[in-house]
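Worksheet: the structure to be examined is printed underneath.
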Amino acid sequence: MPGWPHTLHRYRFRSEWRLPAPPAAVYAALADAEAYPHWWPQVRQVVRVDEYTGTARFRSLLPYVLTVTATGTRRAPGTGVLEFVVRGDLEGFVRWTVGASGGGTRAVFEQEVVVRKPSLRRFALPGRPLFVVNHTLMMRAGRRGLASWLAHG
């Protein structure tokens, strides 16, 4: 199958978070990337580089750390969109879309990336199912953490 090694390293994720908080509060929390380590356990560090760019380190259940540089490409509070280009161990984009839903908020996370970290590329075929589960667990923890942060903040 032509191109399969390339698709083996490509991931598309979509998660939907329902949160009992106003959309403006959810958007503000998601826009404040430097605060992520306070409420999202797998986000180990975020360091601002400039007004639009920062570096982040992630580690979930599996024993590897991902480091990326994220640059904001779209920040539209009116439409609830936050979008970033990422480079480093992962290369691609991340998008949050935040909107009202049933007295609370629906936050949709979309990510399309290619894995660049050599050790993860070597284990792409046998590791793929584990990498997907790892991401799912990270997203669940993020939703729980943000809900708690918003309830107490």
Requested in this report: State, yes or no, whether a side-chain contact exists between S15 and W17 at a heavy-atom distance under 4.5 Å.
Outcome: yes
Report task. Just jot down the side chain to side chain donor-acceptor pair (under 3.5 Å) partners of W96, sequence neighbours excluded, or say none. Result -> none
Requested in this report: Over all heavy atoms of both residues, which pair between F123 and P126 is shortest? Give the atoms and the distance, please.
Outcome: O-CD, 3.5 Å
**Report entry** Test item: W40 side-chain N/O and M138 main-chain N/O as donor-acceptor pair under 3.5 Å
**Finding:** yes
Requested in this report: Enter the distance from L90:CG to T69:OG1 here, rounded to the nearest 0.5 Å.
Outcome: 11.0 Å
Requested in this report: Please round to the nearest 0.5 Å and tell me the distance separating atom CZ of R128 and atom OG1 of T7.
Outcome: 7.0 Å
Please output the side-chain donor-acceptor pairs of residues 105-112 that fall under 3.5 Å, not counting sequence neighbours, one pair per line with the distance.
unit_1, atom_1, unit_2, atom_2, d
T105, OG1, A21, O, 2.5
R106, NE, E16, OE1, 3.2
R106, NE, E16, OE2, 3.3
R106, NH2, E16, OE1, 3.2
E110, OE1, R95, NH1, 3.3
Q111, OE1, H135, NE2, 3.3
E112, OE1, R12, NE, 2.9
E112, OE1, R12, NH2, 3.2
E112, OE2, R10, NH1, 3.4

Report task. Can you establish whether the number of heavy atoms outside R140 located under 6.0 Å from its atom CZ is more than 12? Result -> no
Query raised in the report: Quick one: does D89's side chain have a donor or acceptor within less than 3.5 Å of a partner on K117's backbone?
Result: no
Query raised in the report: Are F13 and V85 linked, directly or through other ILVMFWY residues, by side chains that come within less than 4.5 angstrom of each other?
Result: no
Report task. Could you walk me through whether L66 and L120 pass side chain to side chain contact (heavy atoms under 4.5 Å, CB included), step by step? Result -> CA-CA 10 Å; L66 295 173; L120 296 183; 3.5 Å; yes
Query raised in the report: Does F58 belong to the same Ile/Leu/Val/Met/Phe/Trp/Tyr cluster as L130, with side-chain heavy atoms less than 4.5 Å apart forming each link?
Result: yes
Query raised in the report: Between the main-chain N or O of V81 and the side-chain N or O of R74, is there a donor-acceptor pair closer than 3.5 Å?
Result: no
Report task. Name all residues meeting the ring-ring contact (aromatic ring centres under 6.0 Å, His included) criterion together with F131; count only those two or more places apart in sequence or in a different chain, and write none if there are none. Result -> Y64
Requested in this report: Check A141 against P41 and note the closest heavy-atom contact, atom names and distance.
Outcome: O-CD, 4.3 Å
Query raised in the report: Which value, rounded to the nearest 0.5 Å, describes the distance between F84 atom CZ and T73 atom OG1?
Result: 8.0 Å
Requested in this report: Nearest 0.5 Å please: distance from the CE atom of M139 over to the CD atom of Q42.
Outcome: 10.0 Å
Query raised in the report: Does some side-chain heavy atom of V132 sit less than 4.5 Å from a side-chain heavy atom of Y11?
Result: yes
Query raised in the report: What heavy-atom pair brings L19 and V26 nearest, and what distance separates the two atoms?
Result: CD1-CG1, 3.8 Å
Query raised in the report: salt bridge (charged side-chain N to carboxylate O under 4.0 Å, His left out): which pairs involve residues 142-153, sequence neighbours left out?
Result: none
Query - Considering all heavy atoms, the nearest Y27-P77 contact - result: OH-N, 3.3 Å
Query raised in the report: Under 4.5 Å between any side-chain heavy atoms of L146 and L150, yes or no?
Result: yes
Report task. State yes or no: do V133 and L62 share one hydrophobic cluster built from I, L, V, M, F, W and Y residues joined by side-chain heavy-atom distances below 4.5 Å, directly or via other members? Result -> no
Less than 3.5 Å apart, which donor and acceptor atoms pair up between the side chains of residues 30-39 and the rest of the protein, not counting sequence neighbours?
unit_1, atom_1, unit_2, atom_2, d
E34, OE1, R48, NE, 3.1
E34, OE1, R48, NH2, 3.1
Y36, OH, L30, O, 2.7

**Report entry** Residue pairs passing the salt bridge (charged side-chain N to carboxylate O under 4.0 Å, His left out) test where at least one lies in residues 50-66, sequence neighbours excluded
**Finding:** none
